[in-house]
2 protein chains.
Amino acid sequence: MKFSTKVRYGLKALVDLSMNESETPVMASHLAEKQAVSVKYLERILNSLKKAEIIKSVRGCHGGYVLNKKPEDISIYEIYVAVEGDISVSPCSMGDCPRHIACYASNVWGEINSKIVDILKDYDLATVIERVDDELSF
Amino acid sequence: MKFSTKVRYGLKALVDLSMNESETPVMASHLAEKQAVSVKYLERILNSLKKAEIIKSVRGCHGGYVLNKKPEDISIYEIYVAVEGDISVSPCSMGDCPRHIACYASNVWGEINSKIVDILKDYDLATVIERVDDELSF
DNA sequence: TCCAATCTATACCAATATAGTAGGAAATGT
DNA sequence: ACATTTCCTACTATATTGGTATAGATTGGA
Ligand code: FES
Ligand code: FES
């Protein structure tokens, strides 16, 4: 049940991006430095976020990344799907299980899955940022 | 976000056990056969469930396993914890992260984690069995 | 008593998934 | 042209999961 580093680094990068007051894009290297994380790895994560149209990129000299949506319109679910693909709590809930026909538990996993999805859809980036502002300055 | 085979095989075994009308214990090999799963592997899972006092075992000849609680008193959360250890959605929510001090997202993960735990605590074996009875006979 | 059946314990191995690296190609402002 | 930066793809290392093997302990019954 653990979120991968992709999701976690991705979320943190988005928080950093959303705190960028200026209009100039933020470089991957800058975001990575803040997180003490490999630039190359983070670049790939940012690329996934870009493909999902959560952020935009500017290539070339003085390039970087900027948010493409308002924080309140970016859910953790979206972020998850962008970097990991769709959420599935078990093979059952996606229907690609070899034992599918005889499986009685399908709807159990399906129900749990959709409840988890709801939680993550409900949690948006703006809420995350509120928590940041409340709790600690960095 | 995927449940491991331990959780899934474990749940299925518990459903099978709860459907055992007779008073005689059910052998691991019998449960495994129903699931088309390795006996040895399932034995270990059953052992975890036993240590969590969800089931009881009878050793020796004509031995096997029986439920130790009523299905409505066994939550999927309990099953999860029994076979996998405590649920943690990220290092943050357990507090063993090297970046903990500077981490702003702790409570975000913590909140999500506890919501997921709530879902799983809410889903008990009796409910799972209802679904079985409704949907398909096997 | 001895044997077969059954759970228990532990160590080991294989397959898969995650996390991270590396090198270079393409774009862009100066 | 050139430095800077994103983009693309292949590779590798590490961790986790899933599963096997082996030996031992316990019990009921012939
Ligand atoms: S469809 Fe696979 S065990 Fe449920
Ligand atoms: S405590 Fe680790 S990134 Fe949150």
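Note on naming: letters A, B, ... go to the chains in the order of the sequence lines (proteins, then strands), and numbering restarts at 1 for each one. These figures come from a predicted structure and were not determined experimentally.
As a whole-Å value, the separation of A:Leu42 CG from C:dG20 C1' is 12 Å. Put simply, CD1 on A:Ile45 is 16 Å from C1' on D:dT9, counting in whole angstrom units. One interatomic measurement links the two molecules: CD1 of A:Ile55 to C1' of D:dC7, which rounds to 12 Å at whole-angstrom precision. Remark: P of C:dT6 and CD of B:Glu33 are 12 Å apart, rounded to the nearest angstrom. Between A:Tyr41 atom OH and D:dT9 atom P the separation is 18 Å, expressed in whole Å. Atom P of nucleotide D:dT16 and atom NZ of B:Lys6 are separated by 12 Å, given to the nearest angstrom. The nearest whole Å value for the distance from the CE atom in B:Met1 to the P atom in C:dT18 is 12 Å. B:Tyr9 has its OH atom 8 Å from the C1' atom of D:dG18, to the nearest Å.
Taken from OG in A:Ser57 to CG in A:Asn68, the straight-line distance is 10.0 Å, to the nearest 0.5 Å. Summarising the geometry, atom CG belonging to A:Asp16 is positioned 4.5 Å from atom NZ belonging to A:Lys34; distances are rounded to the nearest 0.5 Å.
The residue B:Gly63 sits close only to the backbone: its heavy atoms come under 4.0 Å of sugar-phosphate atoms, none of a base. Here B:Lys56 lies out of heavy-atom contact (under 4.0 Å) with every strand.
Distances shorter than 4.0 Å separate none of the side-chain N or O atoms of A:Tyr65 from OP1 or OP2 on D:dT5. Side-chain N/O atoms of B:Lys51 include none lying less than 4.0 angstrom from OP1 or OP2 on C:dT8. An OP1 or OP2 oxygen of D:dT17 is reached within less than 4.0 angstrom by no side-chain nitrogen or oxygen of B:Ser4. The side chain of A:Asn47 contributes no N or O atom lying less than 4.0 Å from OP1 or OP2 of D:dT6. At C:dT8, one or more side-chain N or O atoms of B:Ser57 fall inside 4.0 Å of OP1 or OP2 (strictly under the cut-off). Contact between the side-chain N/O atoms of B:Ser38 and the OP1/OP2 oxygens of D:dG18 is not found at any separation under 4.0 Å.
Listed by chain and residue number, nothing satisfies the side-chain contact (heavy atoms from CB on, under 4.5 Å) test with A:Asp122 (two or more places apart in sequence, or in another chain).
Comparing atom distances between the B:Arg44 side chain and each of C:dT21, D:dG19, D:dC7 picks out D:dG19 as nearest. With D:dC7, C:dG20, D:dG19 as the candidates, the nucleotide lying closest to the side chain of A:Thr5 is C:dG20.
Evaluation of atom-type donor-acceptor distances gives a pair under 3.5 Å for the side chain of A:Lys40 against the base of C:dG23.
Nucleotides of DNA chain D nearest to A:Cys61 and A:Glu43 differ in position, and the one nearer the 5' end is that of A:Cys61.
Across every non-hydrogen atom of B:Ala52 and B:Ala82, the tightest pair is CB-CB, 3.5 Å.
When the shell of 6.0 Å around CD of B:Glu72 is examined, it contains more than 12 heavy atoms from other residues, nucleotides or ligands.
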